[in-house]
Amino acid sequence: MKLILPLFATFGIAMSLLVNAALAAEPAAASATSEINTVCPISGKPVDPKITTVYEGKTYAFAVEACRKKWNEARENSLYHKLGGKGAIDAAVEAFYVKVLSDDRIKHFFDDINMNKQRRKQKEFLSAAFGGPIPWTGKDMRKAHAGMKLTEEHFNAVAENLQKTLEEMKVPKELIDQVMAIAASTHDDVLNKPKAAK
Ligand code: HEM
């Protein structure tokens, strides 16, 4: 943690812009149902139903072959994929909230929260932030945490629990560093700090 805390401060502003851009970059792909998407997640144009790819059991359709190639490359190169995809991220979020809910510094924030919903949202958010196939369509981090009066200590406690979870899952350090940089990118929004001047 000694290394991670200063890293949060340094990466906070720059990464916030990056992750927000990344999350907004691609239009919606397939929905969570078995239905196939009708709009290409790369070009935004209507899909050709013959140009499809299957990823984690879901079928995604594209407008042209170049879009399919680009999308497949993005998935293969993503942190999401390197971490082990849906199964690994879902397991990490489950283990993370076990830690959060037994951490006296922060557990009270979740007293009145539906934790099934919270775990699902966190899985969806982190999956999208790590380059998973389904864009985040929930609240932005500033709105989600507005009015909670969160402090650096709260933020660092959450980050510490996330890092410990990944270490216990034997995730390689290089990937943990990338995860922590993405978590750090939400710092200013989660703590409701003024937005950095452009
Ligand atoms: C790495 C930093 C954090 C990330 C990425 C994060 C992510 C999220 C996400 C994705 C949601 C759901 C938003 C939605 O409903 O659409 C959420 C809600 C929530 N977060 Fe965080 N969070 C972070 C830090 C914190 C901290 C430091 C606390 C408190 C210690 C906290 C407490 C909560 C609570 C209580 C909710 C539920 C709000 C509600 O349903 O009314 N979060 N967070």
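Ligands are counted one by one from 1 in listed order, and the atoms in each one are counted from 1 as well.
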Inset, instruction - Flag yes if L162 and Y97 sit in one hydrophobic cluster, no otherwise; membership is Ile, Leu, Val, Met, Phe, Trp, Tyr, and two members link when side-chain heavy atoms are under 4.5 Å apart. - result: yes
Inset, instruction - List the closest protein heavy-atom neighbour of atom 39 (C) of ligand 1: residue, atom name, distance to the nearest 0.1 Å. - result: I113 CD1, 3.7 Å
Inset, instruction - Give the residue and atom name of whichever protein heavy atom lies nearest to atom 12 (C) of ligand 1, and the separation in Å to one decimal. - result: K121 CB, 3.9 Å
Legend entry - Flag, side chain of D103 to backbone of K99, donor-acceptor distance under 3.5 Å: no
Legend entry - Check: K193 main-chain N/O paired with R142 side-chain donor or acceptor under 3.5 Å: yes
Legend entry - Side chains of F155 and L150 in contact at under 4.5 Å (non-hydrogen atoms): no
Inset, instruction - Mark up the atoms of ligand 1 that fall under 4.0 Å of a heavy atom belonging to T186, in ascending order. - result: 1 (C), 2 (C)
Inset, instruction - Closest by any non-hydrogen atom to atom 16 (O) of ligand 1: pick that one out of M180, H187, K139. - result: K139
Legend entry - R68 side-chain N/O to A61 backbone N/O, donor-acceptor pair under 3.5 Å: no
Inset, instruction - Tell me, please: is K117 in heavy-atom contact with ligand 1, that is, under 4.0 Å? - result: no
Legend entry - Shortest reach to atom 28 (C) of ligand 1 by a heavy atom, considering only L150, V93, I106: L150
Inset, instruction - Could you point out which residue of E160, E153, H154 forms a side chain to side chain donor-acceptor pair (under 3.5 Å) with R105? - result: E160
Inset, instruction - Verify whether one side chain among H81 and S78 offers a donor that lies under 3.5 Å from an acceptor in the other. - result: no
Inset, instruction - Please write down residue, atom name and distance for the protein heavy atom closest to atom 11 (C) of ligand 1. - result: Q118 NE2, 3.9 Å
Legend entry - Ligand-side contact atoms (ligand 1) for residue partner W136, heavy atom cut-off under 4.0 Å: 10 (C), 16 (O)
Inset, instruction - Look at atom 32 (C) of ligand 1 and find which of F110, F125, F109 reaches it with the closest heavy atom. - result: F110
Inset, instruction - Say whether, by atom type as modelled, one donor and one acceptor occur between the side chain of S43 and the main chain of C40 under 3.5 angstrom. - result: no
Inset, instruction - For atom 34 (C) of ligand 1, find the nearest protein heavy atom and state the residue, atom name and distance (0.1 Å precision). - result: M148 CE, 3.3 Å
Inset, instruction - Report yes or no: does T186 contribute a side-chain atom to a donor-acceptor pair with the main-chain N or O of I182 at less than 3.5 Å? - result: no
Legend entry - Donor on one side chain, acceptor on other, Y80 and E56, under 3.5 Å: yes
Legend entry - Candidates R120, Q118, R119 - the one meeting side chain to side chain donor-acceptor pair (under 3.5 Å) with N116: R119
Legend entry - Neighbouring protein N, O or S atoms of atom 21 (Fe) of ligand 1 [cut-off: under 2.8 Å, no waters]: H145 NE2
